[in-house]
Visitor: 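Got a structure for you, questions after.
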Amino acid sequence: MTQLIKETIPSLLVRNLPRDLILSIEEALIVGDQRGHTAAKGMNSGHRANALGQMRHFHMNEAFHGALKSAGANPPPIKGNGVITGTVGIFTIGRFNISHGIWNSGRRSQLRKQLSEANRSIEPLVQHSLFEQYIPATQATAFFVACFSGKRDQSDAAICVQIAVPDREMKGWLFRESLGMFLQRYEKQPAVQQDRAKPKLKVGVGHILSGTGSD
């Protein structure tokens, strides 16, 4: 039985992923990036760029794994070059790095592509012609993506970290947003201010309405 509800992918993410988890992952990826950058500094210039990519990958994986474990997301043990994932609410979450503007590198992993299959159930939320066929999802996949400049003449620190939800084939993105903007979605709407003002009637009018005024 289908159910028509007012749902969006951002609202689904906010409801399933605690704000503290988002903050923890953001900090972990930044710290992992810094550690990887430090580890590659002493390498020969001929392969420093390659070393930086590898050191960054491993250190960010470890930091990401720690954040997931602390949040009770049950990540599997780190093993080799395996993809690190965790489960929070209906979402399986993972991560990868990209050079700024090049978003196809995430598709190189067969596991990421397999995980993205789950997003078949939430595609109707952005494909409005199918919205009436939407059945509330029980599983979905999202990735935390660290974007780098890719320019060797810069420090190549992360430009930003985004949260991204791929389509079922990981060929496009149902939702992408920087964590800075996404965190604003957790802000509570301003409370409606109660009107505490009480109208006061003039003395004469008050007497008339109470029946105590003179004829």
Visitor: Do E26 and L23 have side-chain heavy atoms sitting under 4.5 Å apart?
Guide: yes

Visitor: Can you hop from I90 to L115 via hydrophobic side chains spaced under 4.5 Å?
Guide: no

Visitor: What is the distance from atom CZ of F148 to atom CG of L52, rounded to the nearest 0.5 Å?
Guide: 8.0 Å

Visitor: Can you measure from CZ (F144) to CD1 (I163) and round to the nearest 0.5 angstrom?
Guide: 4.0 Å

Visitor: Would you indicate whether the side-chain heavy atoms of F143 and R112 approach each other to under 4.5 Å?
Guide: yes

Visitor: Does Q139 have more than 12 heavy atoms from other residues, nucleotides or ligands lying within 6.0 Å of its CD?
Guide: no

Visitor: Check C147 against Q162 and note the closest heavy-atom contact, atom names and distance.
Guide: SG-NE2, 3.9 Å

Visitor: Taking the side chain as every heavy atom from C-beta outward, state whether I25 and L68 have any pair of such atoms under 4.5 Å apart.
Guide: yes

Visitor: First locate atom CD1 of I93, then atom CG of L17, and finally report the distance between them rounded to the nearest 0.5 Å.
Guide: 6.0 Å

Visitor: Establish whether F91 and L111 are linked, either directly or via other cluster members, by ILVMFWY side-chain heavy-atom contacts under 4.5 Å.
Guide: no

Visitor: Is the backbone of Q34 close enough, under 3.5 Å, to the side chain of T38 for a donor and an acceptor to pair up by distance?
Guide: yes

Visitor: Is there a side-chain contact between P18 and V88 (heavy atoms, below 4.5 Å)?
Guide: yes

Visitor: If I take atom CD from residue E7 and atom CG from residue L12, how far apart are they, to the nearest 0.5 angstrom?
Guide: 4.5 Å

Visitor: What distance separates L13 CG from E177 CD, expressed to the nearest 0.5 Å?
Guide: 9.5 Å

Visitor: With a 4.5 Å cut-off on side-chain heavy atoms, are F58 and N81 touching?
Guide: yes

Visitor: What pair of heavy atoms forms the shortest contact from H59 to G32, and how long is it?
Guide: CB-O, 3.3 Å

Visitor: Answer yes or no: is there a side-chain heavy-atom contact under 4.5 Å between N74 and T87?
Guide: no

Visitor: Using every non-hydrogen atom in the two residues, find where A28 and F64 come nearest and quote the distance to one decimal.
Guide: CB-N, 4.2 Å

Visitor: What pair of heavy atoms forms the shortest contact from P166 to N119, and how long is it?
Guide: O-ND2, 2.7 Å

Visitor: Would E27 and I30 count as a side chain to side chain contact (heavy atoms under 4.5 Å, CB included) here? Give the steps.
Guide: CA-CA 5 Å; E27 180 180 6; I30 292 173; 5.8 Å; no

Visitor: Which is it for N61 and I78 under the side chain to side chain contact (heavy atoms under 4.5 Å, CB included) test, yes or no, and what are the steps along the way?
Guide: CA-CA 8 Å; N61 263 5; I78 295 176; 5.5 Å; no

Visitor: Would K113 and E169 pass as an ion pair if we require N to O under 4.0 Å?
Guide: no

Visitor: Report yes if some heavy atom in the side chain of L29 is under 4.5 Å from a heavy atom in the side chain of V31; otherwise report no.
Guide: no

Visitor: From M60 CE over to M55 CE, what is the distance, rounded to the nearest 0.5 angstrom?
Guide: 13.5 Å

Visitor: Looking at A67, is its backbone amide N or carbonyl O close enough to the side chain of S70 to form a donor-acceptor pair, meaning the two atoms are under 3.5 Å apart?
Guide: no

Visitor: Would you kindly check if the NZ (Lys) or CZ (Arg) of R19 is within the cone defined by 45 degrees around the ring axis of F182 and under 6.0 Å from the six-membered ring centre?
Guide: no

Visitor: Strictly below 4.0 Å, N to O, side chains only: are R35 and E62 in salt-bridge contact?
Guide: no

Visitor: Could you pull out all residues at least two apart from E117 that satisfy salt bridge (charged side-chain N to carboxylate O under 4.0 Å, His left out)?
Guide: R120

Visitor: So which heavy atom on T141 is nearest to which on S116, and how close?
Guide: OG1-N, 4.2 Å

Visitor: Go through the steps to decide whether N97 and R56 satisfy the test side chain to side chain contact (heavy atoms under 4.5 Å, CB included), and finish with yes or no.
Guide: CA-CA 9 Å; N97 298 338; R56 175 186 284 149; 3.7 Å; yes

Visitor: If you take all heavy atoms of A164 and V145, which pair is closest and at what distance?
Guide: CB-CG2, 4.1 Å

Visitor: Is there a path of hydrophobic side-chain contacts, each under 4.5 Å between heavy atoms of I/L/V/M/F/W/Y residues, joining Y186 to L179?
Guide: yes

Visitor: Quick one, V83 with T85, criterion side chain to side chain contact (heavy atoms under 4.5 Å, CB included). Give me CA distance, side-chain angles, the key distance, then yes/no.
Guide: CA-CA 6 Å; V83 175; T85 62; 3.9 Å; yes

Visitor: Is the shortest side-chain heavy-atom distance between E123 and D167 below 4.5 Å?
Guide: yes

